[in-house]
Amino acid sequence: MRLLPEPAGRIEGGRVEFEGQDLIELDESEMRELRGKEIAMIFQDPMTSLNPVLTIEEQMVETIKAHKKITGSDARARAIELLSMVGIPQPEQRLRNFPHQFSGGMRQRVMIAMALALEPKLLIADEPTTALDVTIQAQVLELLSRLAADHGTAVILITHDLGVVAGMTRRTNVMYAGFVVESATTAELFAQPSHPYTVGLLHSMPRLDAQPGEPLIPIEGTPPDLRFAPVGCPFAPRCAWRVESCWRGMPPLEPLQPTTEVHMTGSGATHRCACWNRPTAEEASAGRPLRAGFTAAPEPIGAGR
Amino acid sequence: MLRFIVRRVLGAIPILFGLSVILFMFLRLLPGDPAIAILGQHATPQLIAQIHETLGLDKPLYVQYLNYLGQLLQGNFGASIIDSRAVADTFAIRFPITVELTIGALIFAVGLGIPLGRLAARHPNGWIDGLVTVVSLFGISIPIFVLGYTLAFIFAVELHLLPYPGPIDPRLSVDPVTHFPIIDAVLSGNPGAVVDAFAHLILPAIALGSIPLAIVTRITRASVIDVSNEDYVRTARAKGLTRKRVDDRHIMRNAWLPVTTVIGLQVGSLLGGAVLTETVFGWPGVGSWVVTSIQNHDYIVVQSLILIFATIFLTVNLIVDIGYAFLNPRIRYS
Amino acid sequence: MAVQAPAVVVRAAPRASRGLWRDALRRLLRNGPAMLGLLFIAIFVAAAILAPLISPYDPTVGVIGEAKHGPSLQHLMGTDSVGRDEYSRVLFGARISLTVGSVAVLTGLVFGCLVGALAGGAGGIVDTILMRVVDVLLAVPGILLAIGIVAWLGQGQLQIVLAVGISYAPIFARLLRGSLLALRESDYVMAARSMGASPARVLLRHMLPNALTPLIVQATLAAATAIIDVAGLGFLGLGPGDPRVAEWGEMLTGSAGFLQNAPYLIFFPGAAIVISAIGFNLLGDGLREALDPRLKR
């Protein structure tokens, strides 16, 4: 979305393609046209994402008017329609309220209404339920998936909650330290996790089908400091499967079956993984290396990071 | 909201009450006979007796205080020893001059400080920001009288661009009706007098406004930078609003809040600074009256003026607090 | 089930912290503007100490017939309206401004801390009464309080110290009380108390060091305004009132008469006040950044 201010945020390279158009190459005013209209975004914390000194009406109407030639009363009518769509009772009255007069779940509903105001083609939801109560989480997610389906809006859901991933998504990219380390349809990812990090994630959360007494296996160590670019695989310091080459170079994201044609998207997306030493299916289900005599390769001396 | 206002007003009353006690003691605790301290070299037996009579010095202290308070509540601040005129009368003539000066300084400080602060906040640590930081450092480090005389020297003596001293050229002989120099000039119907009155205001307003300017600039800068990092500003940009709209509506509406409070507090430094500014620029307002009254040991005037200044300061801050509550819906609706 | 723990690679933290004060000192020493401020202050301190040695003339003795001579090799900053050497007077003036200014701030600090600690520590009715008194003093705008106190106490250096000190005391009192109250509710003070630390230990060991840093910053910044206020009193004719001492503000009294033919008599003492105030302001801002790295200006 190119929202981070420079110089804190900087685009190093690569492409961000949206409908065949590279977003990186757009100038600021073209980018602004896209924001809100074609690509909308919902943020993590609804408590701080709405402007405290403007009414919900002002914030919704200005969004609509920013992209559409429309009278104030039409924009207002649209705002009321949107609010009732996301399940806010008495939308006419609530429109005149300020954000602090709403609960967290209600605010996130307002955010969703505002994001969908112009029926965008893509909705980016950045941990939309992290700040909410567990019961509210389910309602908001259900709302989000229903409305996205109704409007034909594609949703990119950013989350660390594997339950949400399993319940809401069709295709998953597992990311670590800014790199996609595994990519597959959600069903395939859960059936055959192939990257040590994915395996670690699945083993670090409680499951209904677990054997009684089976321990959770946490991922050792701490996430890397993103200010320092890693040499080699960023997960290597925490990986039980690491081999010597993990310290030297970042493995490419490659299909599990090297012969298959690569599909990037859709229900037949190719299962791909970036790892020099993939866990086997048995190791994945055990959560640790099972090969006889295998020890994780130590950090090479002098590999100063 | 009404309860908020009532609570604030009631909060100011004990402060004024306390101040009146302190100022009452101020006269009584002067060494020796207060009448002689007040009169100084003007003391004659009749005058001493007269002061004793008006101050009720032979009565018990609490009776004296109650009398004093009763007089204050009726708007009677006593009379000057020098010219025997009631403080309230002279005040009515001099105060408009101080008000005009203070408002001029406030307009200078706020009108320039907010745009400067926003400019500096646009690129934090850029060269404009650096320049603004240096200017505001000078603003808070230069005494009013040094800046005042320097401005007078450059613009009046050397360049002959602006007039000095006084609030208006006496040769124009503008009739004092309201005692506000500019309003009187307008009423006189002489366009030249209006221009002259404005020209006389510029230098003292800059001298008096320099410290508030520096402070308003700093606060605006800090506040805008703070608000710019808020999540809702990111939301506003994600909605595809124009930069101007994000700045004016989403950032400034919030950034205003701390700035308003600071502007209210600066009124105090303006009232205090008026004492120096009026002395430097020869304006016959309340500020220069404080100075001459102290030089003349005219304690009743000094005592009353301190109380009046404090009342004005408290009132302005009360208004600012209420204005703040109106700007901030989190207070307005609670 | 035993889990084979992979060897965890521990990397050294970017730099080990060596305690609050040493860290702050290191940040301060690397802060260019703060060091410039310190240099300005050092120059004036040196001038104040060395004044009797380096002054070319007696600052109190004028030479008739040499009044209002412009700057020259004999008189670097010219002579004033009664023929005294302006340069010598600026040097000697540093003594009054720096000592009266800093002693006034210290006086205010002592009074303010006593009141603030008492109010913040005792709470209840003591707190209410003391804070009402503070409110009353804060209601009198700016320098007017100091003017009123000098008018009451009469002229003299001690009176100025008291006047400026008392007008600053409420600011320090409110600051200290505020941080004490905030600290009392803070988690780590609660934790210390729950571990059975005595009230005195909690106050001295856990609360005061944290309440101290804003006071240090505020006091340094107040030194700048104190120098300006002391000069202001002098300018208004409420200075030390002693013809034997030179004071920057007093040197500017009657400047209106210098505008036409001796503007340097405004410039030199004015510059002395401005540069020393800038010095304390720069140092104060630097201290704030050094002591609280989360704050930026």
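Convention: sequence-line order gives letters A, B, ...; per-chain numbering from 1. Quantities reported herein were computed from a predicted structural model and do not represent experimental measurements.
For B/Gln303, no part lies under 4.5 angstrom from a heavy atom of chain C. For a residue to count as touching a neighbouring chain, one of its non-hydrogen atoms must lie under 4.5 Å from one of that chain's; by this rule B/Phe309 touches chain C with backbone and side chain alike. Contacts of B/Ile142 with chain C are made by both backbone and side-chain atoms, with heavy-atom separations under 4.5 Å. Heavy atoms closer than 4.5 Å to chain B are found nowhere in C/Ala224, neither backbone nor side chain. For B/Val267, no part sits under 4.5 Å from any heavy atom of chain C, backbone or side chain. Both the backbone and the side chain of B/Leu19 come within contact range of chain C, judged by heavy atoms closer than 4.5 Å.
Separation of atoms CG (C/Leu259) and CD (B/Glu158) is listed at 10.0 Å; rounding is to 0.5 Å. Atom CH2 in C/Trp152 sits 11.5 Å away from atom CD1 in B/Ile306 (nearest 0.5 Å). Put simply, CD1 on C/Ile266 and CZ on B/Phe145 are 11.5 Å apart, with the number rounded to the nearest 0.5 Å.
Taking chain C as the reference chain and counting heavy-atom pairs below 4.5 Å, the highest number among B/Leu23, B/Val146, B/Leu270, B/Leu16 is found for B/Val146. For the set C/Pro263, C/Gly148, C/Gly270, the entry with the most heavy-atom pairs within less than 4.5 Å of chain B is C/Pro263. When each of C/Val140, C/Ile143, C/Leu144, C/Ile278 is scored by its heavy-atom pairs under 4.5 Å with chain B, the top score falls to C/Ile278.
Close approach to chain B, defined as a heavy atom under 4.5 Å from one of its heavy atoms, is seen in C/Asp135, C/Val136 of residues 124-136 of chain C, taken by number. Among residues 278-289 of chain B, the residues having any heavy atom closer than 4.5 Å to a heavy atom of chain C are, in sequence order, B/Thr279, B/Val280.
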Distance-only donor-acceptor hits, side chain of residues 134-141 of chain B, under 3.5 Å, sequence neighbours excluded:
| from | atom 1 | to | atom 2 | distance (Å) |
| --- | --- | --- | --- | --- |
| B/Ser136 | OG | B/Val132 | O | 3.3 |
| B/Ser136 | OG | B/Thr133 | O | 3.1 |
| B/Ser141 | OG | B/Leu137 | O | 2.8 |
| B/Ser141 | OG | C/Asn281 | ND2 | 2.8 |

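Within 6.0 Å of atom OH in B/Tyr65, more than 12 heavy atoms from other residues, nucleotides or ligands are found, so the atom counts as buried in its surroundings.
In terms of heavy-atom proximity, B/Leu276 sits nearest to C/Gly232 at CD2-O, 4.0 Å. Between B/Gln295 and C/Leu236, the closest heavy-atom pair is NE2-O, 3.4 Å. The two atoms that bring C/Leu138 and B/Phe313 nearest to each other are O-CE2, 3.4 Å, heavy atoms only. The minimum heavy-atom distance between B/Gly268 and C/Pro141, with the atom names listed, is O-CB, 3.1 Å.
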Intermediate values then yes/no, side-chain contact (heavy atoms from CB on, under 4.5 Å), C/Phe267 and B/Tyr149: CA-CA 9 Å; C/Phe267 178 75; B/Tyr149 282 124; over 6 Å; no
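Listed by first then second residue, pairs satisfying side-chain hydrogen bond (donor to acceptor under 3.5 Å, both in side chains) with a partner in residues 217-232 of chain C read C/Tyr168-C/Thr225, C/Tyr168-C/Asp229, not counting sequence neighbours.
Residues C/Val274 and B/Pro143 have side chains in contact (heavy-atom distance under 4.5 Å, counting atoms from C-beta outward).
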